[in-house]
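Index from 1, following the sequence. Remember, it's a predicted structure, so these values are computed and weren't measured experimentally.
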Amino acid sequence: MPRARPRAAILMLLASAMILAGCNKTTGQLGPASSLSTASTTPLSLDALAELGDKWQANPKDASKGLAYANGLESLGQKDEALNVYQKLFEADPANAKVAGLYGRKMVSAGKADQAIPMLEDAEKHGDTDWRVMSALGTAYDQKGLYQKAREQYSKVLSSDPQNLAVMNNLAMSYALEGNLKQAEAELRAADAFPRSKSEPRIRQNLALVIGLQGRFDEATTLAQQDLPPEQVQENMAYLKKMLSQPNTWQQISDSGSQG
């Protein structure tokens, strides 16, 4: 069905604007390649990485050495290999809430919500109160379209940390994924009102995205220009206009949002 494609593209775009646990940078893109960097560690040398691997292989049940090795693999961009290490650590000690939480978060980042949800639920059940675990579980629920359950997770974090910008962002994008763009805009504006948001361009870029999806391109352009070069803003707006120009696409989203 051709008319479903633009809506699917918009949903993918909104999903990519969510902030996954542990991510802290944006690419500055609003298009379908948009994502947030997952690499925040300093890359190790190959020799140092090999040494970490040898130490872990000598005792595969040593979670501290295994996690250090997985982190080293990630620092070199070897995400699949790192995910394999997390899996082995989890299989060796499934009752370890920290390992379960970390593995679940990585599964969410890999888009594997089905596998991530039971691990994250179990980690939370066993006392892992790390906000990143709760936020990642919310993101996994959002990936499955379980928006109410997702927002319950975000609310848990915000009840004790009401200025957590990453979670405020994810709460907003949860509403956007459901089609409630007005509520998503309100949540993002609330996040953008905090002084710390000035150093968080992802909040403004997602606000520009949500405003643009409502057809207010001039306003979205002005907002996006605070952080992006003019040519990038023009490219982003052209992308949104192209999606929204498809027959009935915006009407479907607008109707969905009016029910939220």
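For residues 212-223, the set of pairs meeting the salt bridge (charged side-chain N to carboxylate O under 4.0 Å, His left out) definition, not counting sequence neighbours, comprises Glu185-Arg216, Arg189-Glu219, Arg216-Glu219. Sorted by first and then second residue, the salt bridge (charged side-chain N to carboxylate O under 4.0 Å, His left out) pairs involving residues 54-72 (not counting sequence neighbours) are Glu51-Lys55, Asp62-Lys65.
When atom types are taken as modelled, the side chain of Arg202 and the backbone of Asn169 share no donor-acceptor pair closer than 3.5 angstrom. Put simply, the side chain of Asn170 gets close to the backbone of Ile19: a donor and an acceptor are under 3.5 Å apart. Ser135 places no side-chain N or O within 3.5 Å of a backbone atom of Arg132 that could act as its donor or acceptor partner. The backbone N or O of Ala17 lies less than 3.5 Å from a partner atom in the side chain of Asn206, making a donor-acceptor pair. At least one donor-acceptor pair closer than 3.5 Å links the side chain of Tyr154 to the backbone N or O of Gly138.
Using a 3.5 Å distance cut-off with no hydrogens or angles, the side chains of Tyr103 and Glu91 do not pair a donor with an acceptor.
With Leu137 as the fixed residue, the side chain to side chain contact (heavy atoms under 4.5 Å, CB included) test singles out one of Glu121, Glu152, Lys156, Lys149: Glu121.
Counting heavy atoms from C-beta on, the side chains of Asn236 and Leu228 come closer than 4.5 Å. With a 4.5 Å cut-off on side-chain heavy atoms, Glu178 and Gln183 do not count as touching. The shortest side-chain heavy-atom distance between Asp93 and Val99 does not fall under the 4.5 Å cut-off. A heavy-atom distance below 4.5 Å is found between the side chains of Leu49 and Tyr69.
Atom CG of Leu244 and atom OH of Tyr239 lie 10.5 Å apart (nearest 0.5 Å). The line from CE of Met134 to CG of Leu120 is 11.5 Å long, rounded to the nearest 0.5 Å.
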For the pair Leu73 and Leu52, evaluate side-chain contact (heavy atoms from CB on, under 4.5 Å) and give the outcome as yes or no after the intermediate values.
CA-CA 10 Å; Leu73 287 167; Leu52 275 176; over 6 Å; no
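Closest approach of Ala191 and Ser197 over heavy atoms only: O-CB, 3.4 Å. The shortest heavy-atom contact between Ala113 and Gln143 is CB-OE1, 3.2 Å. Closest of all the heavy-atom pairs between Ser199 and Pro201 is O-CD, 3.4 Å.
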